[in-house]
Amino acid sequence: MAMVRVRFAPSPTGQPHIGWARTALFNWLFARRHGGTFVLRIEDTDQKRAVAGAREVFDAAFQWLGFTYDEGPGRDGGYGPYLQSQRIESHRRVAGELLDQGRAYPCFCTPEEIEARRAEDRRLGRPPRYPGTCRQLSQEERRRRMAGGEPYVIRLLAPEEGSIVVHDLVRGDVSFDLALLDDFVLMKADGTPTYNFASVVDDAEMAITHVLRADEHLANTPKQLILYQAMGRTAPAFAHVPMILAPDRAKLSKRHGATPLAEFMAQGYLPEAVVNYLMLLGWNPGGDREFLTLTEGAQLFSLDRVQKNPAVYDTQKMTWINAHYLRQLGEEELWQRAQPFLTARDLVPDQPSADQAAYAKAVLSLMQSRASTLVELAEAAAVLLTEPEEFDAQGVHRHFESPGAAGRLTALADRLQGATFDAAGLEAAITELAGEMGVARAELIHPARLAVSGRTVGPGLFEMLSVLGRERTVARLRQAAARASS
Ligand code: GLU
């Protein structure tokens, strides 16, 4: 295989989302697998829809995801510029060459004429098709009208019959009837290129060997192949990756996969989990393997394991994978990742003291296995990082309002004042006290959990109290005693 060069060519029309990241990722994996180059080209010729600062937005998304382009804006590999809007001179030059060679022609039909024709096609239930009106004009008339300043678009002189086969590396051979294609527009009246034309000129000039892109572009591929033929250039190989469907198999919507990556970030998903999940969205590494890193994916990636059928986006699975990665994090790493979420909720200060950090780390580790995302983890940690303000109502009824509850909580506070504050020491102290009082251990354990956390469920009490420490534990038990029934 020649030196592999793939490109990811997003239009800067919105925030990077799951579909965006999956296409970028597959390109990156393919490039890595074949020792090739992954190029980013920003397709911003449609200035009306282009979003300012797209490059920064894309760079931030790549940075979060943990992989990035080898060549692109600001990373010149000799094939720039990498903003399509800066390549318009090339598009105009190639369009001029095609005009000179008679492979393209100027079309002077007005938008109104074109629209009237489309309406007629629609009325008759025919696919809309340019009828070739301006094909017939003589070279002389063309020159005269162009020189006279009449607005025109440039159309490709497309073959009128026969078929063309796309040898897609994922879909296999897909044949298209050329009679269904018309003389499509290459350059618009305002002198800017259409997507199909710009994309082909740029891919050719950037020496792209493989085009990996979303399935929705398969229908553009016959047009692009005809263009390569007209330009006398060899077409790259094409691979159309399956589209992503929402869990209900509807088209991806904002509610599901089109959710911006920023939102996954905000919800406390870990990038390595998101990337792992995206790798499985339309590709499988073989066997029933579910967990793999970017590096492992780059070693294993192959197009023959990319599925043809749509990939169904499954929030639950993504959350499950996230929980797996969350559990793998060591204490320090967990703290680094969770701290912004704790700070955002005012649970730890921006610049925590060593003691505050140590306590937060212990709380995070205690709650680690009880959360699927960093947001859930912060939520769980809040229970111990702040004094409980709200208490579970049913719990209060059962554990604080039963006769003698205050006495039991006070006795427990007194006993724990002198206990050894580790799980074993606490268990021994509570077991001993329960024996002396002639009550079941549960009659101390449940009220104690409610007193220190406000909740009736949570991590094991002894572990929880050892993390809380003597001072907080005793204070919270006494506060609870003060409100409990005597
Ligand atoms: N700018 C196009 C898009 O964002 C690129 C399609 C392609 O990869 O050719 O859909």
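The basis for the numbers below is simple: all heavy atoms, side chains too, and nothing from hydrogens, waters or symmetry mates. We count ligands from 1, going down the list as the structure has it; atoms in each ligand are counted the same way.
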Checklist entry - How about Asn322 and Thr373: does a side-chain donor come under 3.5 Å of a side-chain acceptor? => result no
In short, ring-ring contact (aromatic ring centres under 6.0 Å, His included) pairs touching residues 111-162 with sequence neighbours left out are Phe108-Tyr152
Exercise. Going by atom types only, do Tyr82 and Glu71 share a side-chain donor-acceptor pair under 3.5 Å?
Worked result: yes
- prompt: Taking everything shown except Glu205 itself, do over 12 heavy atoms lie less than 6.0 Å from its CD?
  reply: yes
Which protein N or O atoms sit under 3.5 Å from any N or O of ligand 1? Give atom names and distances.
unit_1   : atom_1 : unit_2 : atom_2 : d
ligand 1 : 1 (N)  : Ala9   : O      : 2.8
ligand 1 : 1 (N)  : Ser11  : OG     : 2.8
ligand 1 : 1 (N)  : Glu43  : OE1    : 2.6
ligand 1 : 4 (O)  : Ser11  : N      : 3.4
ligand 1 : 4 (O)  : Ser11  : OG     : 3.3
ligand 1 : 8 (O)  : Arg7   : NH1    : 2.7
ligand 1 : 8 (O)  : Arg7   : NH2    : 3.4
ligand 1 : 9 (O)  : Arg7   : NH2    : 2.8
ligand 1 : 9 (O)  : Tyr195 : OH     : 2.6
ligand 1 : 9 (O)  : Arg213 : NH1    : 2.9
ligand 1 : 10 (O) : His217 : NE2    : 2.8

Between Arg213 and Val241, is there a donor-acceptor pair closer than 3.5 Å when you use the side chain of the first and the backbone of the second? no
- Query: Side-chain donor-acceptor pair under 3.5 Å between Gln224 and Asn196, yes or no?
  - Reply: yes
